[in-house]
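Dropping a structure here in structure tokens format, bear with me for questions.
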Number of protein chains: 4
Amino acid sequence: MKKNKPKFKQIIDAAVIVIAENGYHASQVSKIAKKAGVADGTIYLYFKNKEDILVSVFEERMGQFIDQIISSINKQENANQKLLTLIEMHFRQLSEDHHLAIVTQLELRQSDSTLRLQINKELKPYLTVIDTIIKEGIEEKLFRDELNLPLVRQMIFGTLDETVTNWVMKERKYDLVKQAHSVHALLTNGISVE
Amino acid sequence: MKKNKPKFKQIIDAAVIVIAENGYHASQVSKIAKKAGVADGTIYLYFKNKEDILVSVFEERMGQFIDQIISSINKQENANQKLLTLIEMHFRQLSEDHHLAIVTQLELRQSDSTLRLQINKELKPYLTVIDTIIKEGIEEKLFRDELNLPLVRQMIFGTLDETVTNWVMKERKYDLVKQAHSVHALLTNGISVE
Amino acid sequence: MKKNKPKFKQIIDAAVIVIAENGYHASQVSKIAKKAGVADGTIYLYFKNKEDILVSVFEERMGQFIDQIISSINKQENANQKLLTLIEMHFRQLSEDHHLAIVTQLELRQSDSTLRLQINKELKPYLTVIDTIIKEGIEEKLFRDELNLPLVRQMIFGTLDETVTNWVMKERKYDLVKQAHSVHALLTNGISVE
Amino acid sequence: MKKNKPKFKQIIDAAVIVIAENGYHASQVSKIAKKAGVADGTIYLYFKNKEDILVSVFEERMGQFIDQIISSINKQENANQKLLTLIEMHFRQLSEDHHLAIVTQLELRQSDSTLRLQINKELKPYLTVIDTIIKEGIEEKLFRDELNLPLVRQMIFGTLDETVTNWVMKERKYDLVKQAHSVHALLTNGISVE
DNA sequence: GATGAATGAGGCTTCATTCAT
DNA sequence: TATGAATGAAGCCTCATTCAT
């Protein structure tokens, strides 16, 4: 299994940094190889082509990202706590790896539709986690039971995504994690008085 | 002023269609020229370079988009009505011009960071409109007064954006405008019971 | 029609010389472009890809080659005369354009099967001319009537081809055209006494 | 002597099959190694480089090919019989090893001039055998004594070669060996009446 | 002797942009 | 103004060969 060889991770890590620093379009394979400390050709022993590197970046990192969130959520008692934890973990992980944040929020969105399709597939488990929390919340009578599931999911994911993107574009000048509670409050209580 | 000459608009319109139909990366200048019915070189009499076409697409169309929303909002009495109108108009306009929806939600995001910076500039007035509504809502005691303005704006814009993107990616198979009320309810009342 | 533009012929001519001088595998597109006095990209305004240049070389030159032979043959009275003329013209034309001789006898045979298939298509009319002469000869009772047509064609073409290849590989140190009569005699009378 | 080690022959045999099945250009060293059941690097313990494999293919197989023909010819009484035997053996051997036929008639001709030079050297003994038969035939007064030796040799070899190539390209759908007599008759008696 | 992971040079092609007409 | 033929820079990928084990 190629994924367990050290060079596989070396190249993935190099790719994240190179893309974050140079932008998606200026990230030539040769630049990634150099940063990873391998020859250009070596890349192709581990990846089918350039696109495959990018998909793998997402697979590897998004996989970890979601696994972390799920394991944290499982320690929580109810849907409200779980939602808060999801938000905190989402913000924390991207805060702690700003290269990854730049890549996921800005650079990878420049990829063409074939790649974006792959990326959406990777994203699906995350959306499923959100769905599960909402359904639990409804069962626990914490959330309103007439909620339109896809709409709520879009609100939650859209809000988190937009918040992180803004933070990245403002060059990460403020503490993203600290906003988790407010975002949670907004999503649960809305903006209306009472 | 070049903007008032007929070929300027011809080229912008052609660009929207070509990008929507072919995707950002397969939209060569020559293809846009052909669709616009002009020679390749003519493009450069009206636009500095390819990026300039794309920025102009956004300037022109986003300008109209926002103007429409503002004029509709101004007929509304309070912040709640205005927010609902904004959502409806946002959804309606993109529903009615699906080429534009594809371009704004999917294709233009593939542009590089320079272009995206420009696009964000064009987006600013829209975000300001949202801010204004929120502030009005607080003054009118319709919205909670401890709201974090940027956060609320991100929630609103993030939710609308994600909702439209999902609709585009699902190939516009359902009625987006019909979702305006539910989205409005979610944003104002949150998801919690009570 | 691209074939009538001067650059089309310029590039074909350059390709013949570059391939003859450098060999098939060392004939980069950039080298052909340079010899033709055009930019690399210009090649692709006239040819689909590199292979298309080579097919066109054959189409153009082989077309002329065969046309010349046919028009000369038509002035001859009987099949025997026609066969002699075909041999003479075959030898003469390749003698007079040694670049073309090198390309057809040595370099173009290195092409891959896709290209060789195309080349064989171009060659077909020539083989048909040979067939026609043989059939005429039989009708005129000059040639034996139990002849196996494909076999005779293979003997004639194989002999001419091998003779020219040998001459090219011996670096054209002797007069090829002078051998036409002997070759004709061999083919018609065989090698046996009586 | 490396030639006597089993892996040497293993690799040669693998090369013939791989080239026949994949074509010259798609026959990477790694593919030959795999088919031979050795590691890529092992190839280089037995052959100087890739070209050396191909030259060796010819050396080994052509050597056998010619030896077979010579030993068959020596059993014949006169030049006429010998020529017929040569033709039969030439056709029979390639008929019986169609991989070799594909490689010699089609694929190896794609090699570059350096390699073809080597191949021609291997071919020389065969041409010498032909020459010897012709000279014998003249001495035996079976063949005309004013024959131009190189020319006759080119006719014989060219005819055989073209005949086999046609048979290979027609995907070996007819019996090549059965044509030996007709080809022999053509070469000895020519095509003319009387 | 045998392995196979690693190397890195090399070339075809696209397409935004220019400029002579 | 308008044209469109011509330009030429730039990058992904393959595969013969090496060499540490």
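Throughout, a chain's letter reflects where its sequence line sits, starting with A, and its residues are numbered from 1. Only this structure's heavy atoms are used, side chains among them; waters, hydrogens and symmetry mates stay out.
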Below 3.5 Å is the cut-off: list the nitrogen or oxygen pairs between protein and nucleotides 6-10 of chain E, distance only.
residue: E/dA6; atom: OP1; partner: A/K7; partner atom: NZ; Å: 3.0
residue: E/dA6; atom: OP2; partner: A/Y46; partner atom: OH; Å: 2.5
residue: E/dT7; atom: OP2; partner: A/A39; partner atom: N; Å: 3.0
residue: E/dT7; atom: OP2; partner: A/T42; partner atom: OG1; Å: 2.2
residue: E/dG8; atom: N7; partner: A/G41; partner atom: N; Å: 3.2

Give the rounded distance in Å between these two atoms: CD of C/E51 and P of E/dG11. 18 Å

Grab the CD1-P distance between A/I43 and E/dA5 for me, whole Å please. 17 Å

Give the rounded distance in Å between these two atoms: OH of B/Y44 and P of F/dA5. 16 Å

Could you check whether the rings of C/F8 and C/F47 sit parallel, tilted or perpendicular, using 30° and 60° as the cut-offs? parallel

Name the residue closer to the 5' end of DNA chain E, choosing between B/K48 and C/K50 according to the nucleotide with the nearest heavy atom. C/K50

Looking at the side chain of C/V29, which of E/dT13, F/dC13, F/dT17 is the nearest nucleotide? E/dT13

Would you mind reading off the distance between B/H25 atom NE2 and E/dT13 atom P, rounded to a whole angstrom? 21 Å

If you measure only the distance, is there a donor-acceptor pair under 3.5 Å linking the side chains of B/Q28 and B/N22? no

Would you find a donor on one side and an acceptor on the other, under 3.5 Å apart, between the side chain of A/K31 and the backbone of A/A26? yes

To the nearest Å, how far apart are D/I32 CD1 and F/dC15 C1'? 12 Å

For F/dA16, what is the paired nucleotide under Watson-Crick or G-U wobble rules, both distances under 3.5 Å? E/dT7

Do D/D13 and D/R61 meet the salt-bridge criterion of a basic N to acidic O distance under 4.0 Å? yes

Paired nucleotide for F/dT21 [Watson-Crick or G-U wobble; both distances under 3.5 Å]: E/dA2

Between D/S56 (side chain) and D/D52 (backbone), is there a donor-acceptor pair under 3.5 Å? yes

